[in-house]
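A short write-up of the structure that comes next.
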2 protein chains.
Amino acid sequence: MKDNNDMPGHLARRFQQIAVAVFLAEVGEAGFDLTPVQYAALATIKANPGLDQVTLAGLIAYDRTTITGVIDRLVQKGLIERRASSRDRRARELEITDEGRRALRKITPAVESAQRIMLRGLSAKEGEELMRLLRKAIAAGNELSRAPLRE
Amino acid sequence: MKDNNDMPGHLARRFQQIAVAVFLAEVGEAGFDLTPVQYAALATIKANPGLDQVTLAGLIAYDRTTITGVIDRLVQKGLIERRASSRDRRARELEITDEGRRALRKITPAVESAQRIMLRGLSAKEGEELMRLLRKAIAAGNELSRAPLRE
DNA sequence: CGATATTGCTCAGTATGCTGACTATCAGTA
DNA sequence: TACTGATAGTCAGCATACTGAGCAATATCG
């Protein structure tokens with residue numbers, strides 16, 4: 001019988017598991033308590049001031065029901081602000097705070113270090129190739145999850 | 001600024017997200033309600049009759065606290081049995097039931113189909129290369145997560 | 001203009017996955 | 001044998017992720 005541990009789905013889960021652990025360890029050592037998801041949201045809000053939650057979700061491929069809690073926690077930590085949109089009273093506009101900007105700046109080195117660590121078993125060329133193949137597979141499967149990437 | 005969507009950690013999360021969605025869709029279409037985690041546990045229990053929870057966790061790289069709930073649900077569904085070990089009264093021996101065996105047999109085609117679908121954007125050679133690189137990166141990072149693989 | 005559809009967001013419920021703590025048991029050793 | 005440490009399992013708590021439902025507001029179209 002084929003080894004279950006050697007199927008693409010299992011490798012995907014395992015790589016993600018290690019990636020999250022490395023991220024949390026690096027960021028934690030830098031003195032911050034931020035998850036990968038929270039970091040991605042924070043960075044995207046900074047790069048797109050005033051965006052609404054659905055747009056944010058699309059930009060980083062989160063489910064819209066997941067984003068609610070993530071934003072709650074970022075607001076709780078004082079890193080972003082959520083306020084009602086004037087143009088569309090259903091929507092909330094998201095804005096990074098000064099404290100959020102400071103945190104993002106200080107965390108960035110730890111995040112970059114984490115990316116290196118999770119690829120440490122590969123040569124630079126292999127790392128590039130892995131990323132290329134992941135991008136390609138992801139692009140082909142984008143519509144298969146409930147939370148596809150939206151440009 | 002570097003695109004956050006293009007970092008290894010984000011690609012890992014995204015690929016895993018798609019892999020799970022594809023798995024659930026395929027298995028669901030086959031008429032079963034089983035998660036990737038539950039499937040891996042079930043298949044491993046079948047291949048290693050009478051194993052205990054910690055060993056199972058090590059074989060598929062789950063956290064031991066996660067396994068408790070997974071096993072609860074497999075028992076609930078009647079696919080496995082959990083009973084006290086006679087040699088070690090702390091441990092529980094896990095055994096697949098006849099119904100579990102039947103389910104596993106019927107689900108297998110859907111699982112294999114799912115693996116193909118999640119690689120559908122890649123050529124056969126690229127798929128192999130992706131898996132090789134993932135295996136290599138995972139092997140190097142095995143000890144970095146709380147739930148490493150144990151042979 | 002008014003009925004209908006769509007959209008932005010939230011919530012309840014379920015399932016991973018983790019940290020940290022706890023109990024019961026076992027193993028090794030003084 | 002009593003002490004000490006390690007191990008198997010569980011639990012509470014928190015943070016993703018998803019399904020499906022629902023509410024309020026907006027868009028669309030006859």
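Chain identifiers are assigned alphabetically (A, B, ...) following the order of the sequence lines, protein sequences preceding nucleic acid strands; residue numbering begins at 1 within each chain.
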Measure from [atom1] on [X] to [atom2] on [N] and round the result to the nearest Å.
X: Leu42(A); N: dT16(D); atom1: CG; atom2: P; answer: 13 Å
X: Tyr62(A); N: dC9(C); atom1: OH; atom2: C1'; answer: 18 Å
X: Asp63(A); N: dA12(C); atom1: CG; atom2: P; answer: 17 Å
X: Arg13(A); N: dA15(C); atom1: CZ; atom2: C1'; answer: 13 Å
X: Ile71(A); N: dA15(D); atom1: CD1; atom2: P; answer: 15 Å
X: Gln38(B); N: dG17(C); atom1: CD; atom2: C1'; answer: 14 Å
X: Leu144(A); N: dC18(D); atom1: CG; atom2: P; answer: 12 Å
X: Arg87(B); N: dA27(C); atom1: CZ; atom2: C1'; answer: 16 Å

| request: List for me each residue that meets side-chain contact (heavy atoms from CB on, under 4.5 Å) alongside Asp63(B), sequence neighbours excluded, and say none if there are none. | output: Thr65(B), Thr66(B), Arg146(B), Ala147(B)
| Residues Ser85(B) and Asp88(B): side-chain donor-acceptor under 3.5 angstrom | no
| task | Would you give a per-nucleotide map of nucleotides 4-13 of chain D, 5' to 3', where B means the base has a protein non-hydrogen atom under 4.0 Å away, S means only the sugar-phosphate does, and - means neither? | result | --BBSBBB--
| Glu143(B), CD: over 12 other non-hydrogen atoms inside 6.0 angstrom | yes
Does [X] have any salt bridge (Lys or Arg N to Asp or Glu O under 4.0 Å) partners at least two apart in sequence or in another chain, and if so, which?
X: Glu129(A); answer: Arg132(A)
X: Lys106(A); answer: none
X: Arg120(A); answer: none
X: Glu95(B); answer: Arg83(B)

| request: Have a look at Thr35(A) and say if it touches a base, only the backbone sugar-phosphate, or nothing, with a 4.0 Å heavy-atom cut-off. | output: sugar-phosphate
| note | Nearest-nucleotide check on DNA chain D, Asp33(A) vs Ala61(A); residue mapping nearer the 5' end is Asp33(A)
| note | Quick note, side-chain hydrogen bond (donor to acceptor under 3.5 Å, both in side chains) partners involving residues 20-36 of chain B, not counting sequence neighbours, are Glu26(B)-Ser113(B)
| query | Which residue pairs satisfy the side-chain hydrogen bond (donor to acceptor under 3.5 Å, both in side chains) criterion with at least one member in residues 8-18 of chain B, sequence neighbours excluded? | reply | Asn142(A)-Arg14(B), Asn5(B)-His10(B), Arg14(B)-Gln17(B)
| field | Contact list for DNA chain D against residues 14-25 of chain B - heavy-atom distance below 4.0 Å | value | Gln17(B)
